[in-house]
Number of protein chains: 2
Amino acid sequence: MNRAGARKIVRLGREQRVADILGAAREVFCEKGYEAAGVAEIAARLGIVEGTIYKYFDTKRDLLLKVLEHWYEEMFGDYERDLAGVAGARPRLRLLVWRHLRTTRDYPLLCRLMFREVRGEQDYRGSDLHAKNRRYTQYLVQVIEEGVAAGEFRGDIPPVLLRDLVYGGIEHHTWNYICGRGGLDIDRIADQITAVVCEGITLQPMAGQIGREAQRLSRIVDRMERNLSRQARPTK
Amino acid sequence: MNRAGARKIVRLGREQRVADILGAAREVFCEKGYEAAGVAEIAARLGIVEGTIYKYFDTKRDLLLKVLEHWYEEMFGDYERDLAGVAGARPRLRLLVWRHLRTTRDYPLLCRLMFREVRGEQDYRGSDLHAKNRRYTQYLVQVIEEGVAAGEFRGDIPPVLLRDLVYGGIEHHTWNYICGRGGLDIDRIADQITAVVCEGITLQPMAGQIGREAQRLSRIVDRMERNLSRQARPTK
DNA sequence: TTGCGTTAGTGAGTATAACTCACTAAATTA
DNA sequence: TAATTTAGTGAGTTATACTCACTAACGCAA
């Protein structure tokens, strides 16, 4: 029996309650991080008790994974559409890099949860969330493979290595921003990463030399041809 | 007072006890991971009780950081010496990539602790361990800067971005191995990463065309010279 | 050898938070 | 209106990091 002044018990449908819990959990996880977030606090924000949450989610961790899955659903959608509008392996690669940076910029707290609390734990491998992440990063692998098939990219670097360099590199490089320190110029960084991956950092003096040599030869040939035609003219 | 059959209390000096605890903690952390490792178990392996460990270390987490600092001390040392024996920006870059891969291959469990439990937590930033890690990754930044100064590398990519691409990429790419799945061909991967960072993945049809044009011009010049000398001979 | 101060080591106890479960009461149906 | 279902409760259990008042081993001086 409720004491005097105790709140009234509100019964919601399963679907609505699950949605509410996911929303409150997302808030609390983002504000305090996974460890510091208490299941009791998530419950308190909805005016319910801890036990109710365990009616719908097996563990606190299960709740975290479901929150992130929900987020992935939100994000996906327009990936195919965006890619379809861009032609050429290099521009398509840059689009993927840029979109990933934009997601990082717009959802740093959720990225933080994903990187710090989820990826790397035993239960991530094989989870639904893992499957969604694979599908996400697979776009880049596909773009690389298309580039190789079209003769634009070399074929001797495994696409999964490039995927790991890009996503691992972005994760490291944006870590300070994700932790709330500093800004993030996603256009500049997307350009730089695309440039490194596509052209590398080596300056190639040879290319310039070959070009200059070709010009030198061209001038010589031109001169010779003029000479020959001058010599040849009198014989006509 | 010890009960009948209870073990005898052994008193060690502070230094020896600290070393023993660090050793046992490293074992247990590696075997079970940070969360699953119990301070009581670490104590049990040394025949002491939990309280004794808290005499020498503030928290379980402090103990973890000290274990990893100890490991860093072991590793450093010969970095300068190895680098000193290699000339040229590209070979030096490859050495750093290769050495990092070798460390990952040789100490996957400690790497796992470093990546999963330490880096990314609040207390890491500004810690002694953080300082050691910075010093470690700084070698790569320095090699890049030397390469730029020597005219071997382009100067428009921030060295820290390259550092993050390399170390973040390696971390992602070796994650399966670190988790005990599959092998790690460090020579092949070092070659591939160095190749991507230095030359990129774009095939440059222009370079081939310039080369072919130069060859064509060379043949023409040769033919012309033969013609000229044939024409010139009779005049002698 | 004996007495004494220092400190390594003890182990019972505390605090916290995830998780459980027997029960209550609100909604729905017969 | 009675019966049934199930959303919600909240006190209790468990596990473990961490504390603290106390004990006993060692070194040193007389």
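To find a chain, count down the sequence lines: A is the first, B the second, and so on, and within it residues start at 1. All figures in this text were calculated on a predicted structure; none of them were measured in a lab.
The side chain to side chain donor-acceptor pair (under 3.5 Å) pairs that include a residue from residues 48-57 of chain B number zero, where partners must be two or more places apart or lie in different chains.
When the ring-ring contact (aromatic ring centres under 6.0 Å, His included) test is applied to A:H173, no partner is found at least two apart in sequence or on another chain. Every salt bridge (charged side-chain N to carboxylate O under 4.0 Å, His left out) that B:R154 has, sequence neighbours left out, goes to B:D156. Residues satisfying the salt bridge (charged side-chain N to carboxylate O under 4.0 Å, His left out) criterion with A:E27, sequence neighbours excluded, are A:R45. B:W71 is linked by a ring-ring contact (aromatic ring centres under 6.0 Å, His included) to B:Y107, counting only residues two or more places apart in sequence or in another chain. When the ring-ring contact (aromatic ring centres under 6.0 Å, His included) test is applied to B:F153, no partner is found at least two apart in sequence or on another chain. A search for ring-ring contact (aromatic ring centres under 6.0 Å, His included) contacts involving A:Y177 returns nothing, not counting sequence neighbours. In terms of the salt bridge (charged side-chain N to carboxylate O under 4.0 Å, His left out) criterion, residue partners of B:R188 (sequence neighbours excluded) are, by chain and number, B:D185.
Contact annotation for B:A37: backbone-only contact, meaning every heavy-atom pair under 4.0 Å involves sugar-phosphate atoms and none involves a base. Across all strands, A:A43 comes closer than 4.0 Å to no nucleic acid atom at all (heavy-atom distances).
For B:R17, a side-chain nitrogen or oxygen approaches OP1 or OP2 of C:dG9 to under 4.0 Å. Contact annotation: A:R11 side-chain N/O to D:dT6 OP1/OP2 distance is not under 4.0 Å.
If you measure from atom CZ of A:R14 to atom C1' of C:dA26, you get 17 Å, rounded to the nearest angstrom. We find that CG of A:L12 is positioned 15 Å from C1' of C:dA25, with the value rounded to whole Å. The distance from atom CD1 of B:I48 to atom C1' of D:dA25 is 16 Å, rounded to the nearest whole Å. Atom CD in B:Q16 sits roughly 11 Å away from atom P in C:dG9 (whole-Å rounding).
Of the two residues near DNA chain D, A:G13 and B:E35, the one whose nearest nucleotide lies more 5' is A:G13.
If you check residues 23-32 of chain B against DNA chain D, you find no residue with a heavy atom closer than 4.0 Å. Across residues 51-65 of chain A, A:Y54, A:T59, A:K60 each have a non-hydrogen atom less than 4.0 Å from an atom of DNA chain C (numbered order).
Between B:H172 and A:Y167, the ring center distance fails the sub-6.0 Å criterion.
The number of heavy-atom neighbours closer than 6.0 Å to NE2 of B:H130, taken from other residues, nucleotides and ligands shown, is above 12.
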Determine all donor-acceptor pairs shorter than 3.5 Å in which one atom belongs to a side chain in residues 60-68 of chain A; sequence neighbours excluded.
residue	atom	partner	partner atom	Å
A:K60	NZ	A:Y34	O	2.9
A:K60	NZ	A:E35	O	3.4
A:K60	NZ	A:A37	O	2.9
A:R61	NE	A:D123	OD1	3.1
A:R61	NE	A:D123	OD2	2.4
A:R61	NH1	A:E117	O	3.3
A:R61	NH2	A:E117	O	3.1
A:R61	NH2	A:D123	OD1	3.2
A:D62	OD1	A:K66	NZ	3.0
A:D62	OD2	A:D58	N	3.1

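For A:I9, the side-chain atoms get nearest to D:dG8 when compared with the rest of C:dT10, C:dC19, D:dG8. Closest approach to the B:V39 side chain among D:dA17, C:dC19, D:dA7 is made by D:dA17 (side chain taken as heavy atoms from C-beta onward).
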Would you tabulate the pairs of protein nitrogen or oxygen atoms and nucleotide nitrogen or oxygen atoms of nucleotides 28-30 of chain C closer than 3.5 angstrom?
none

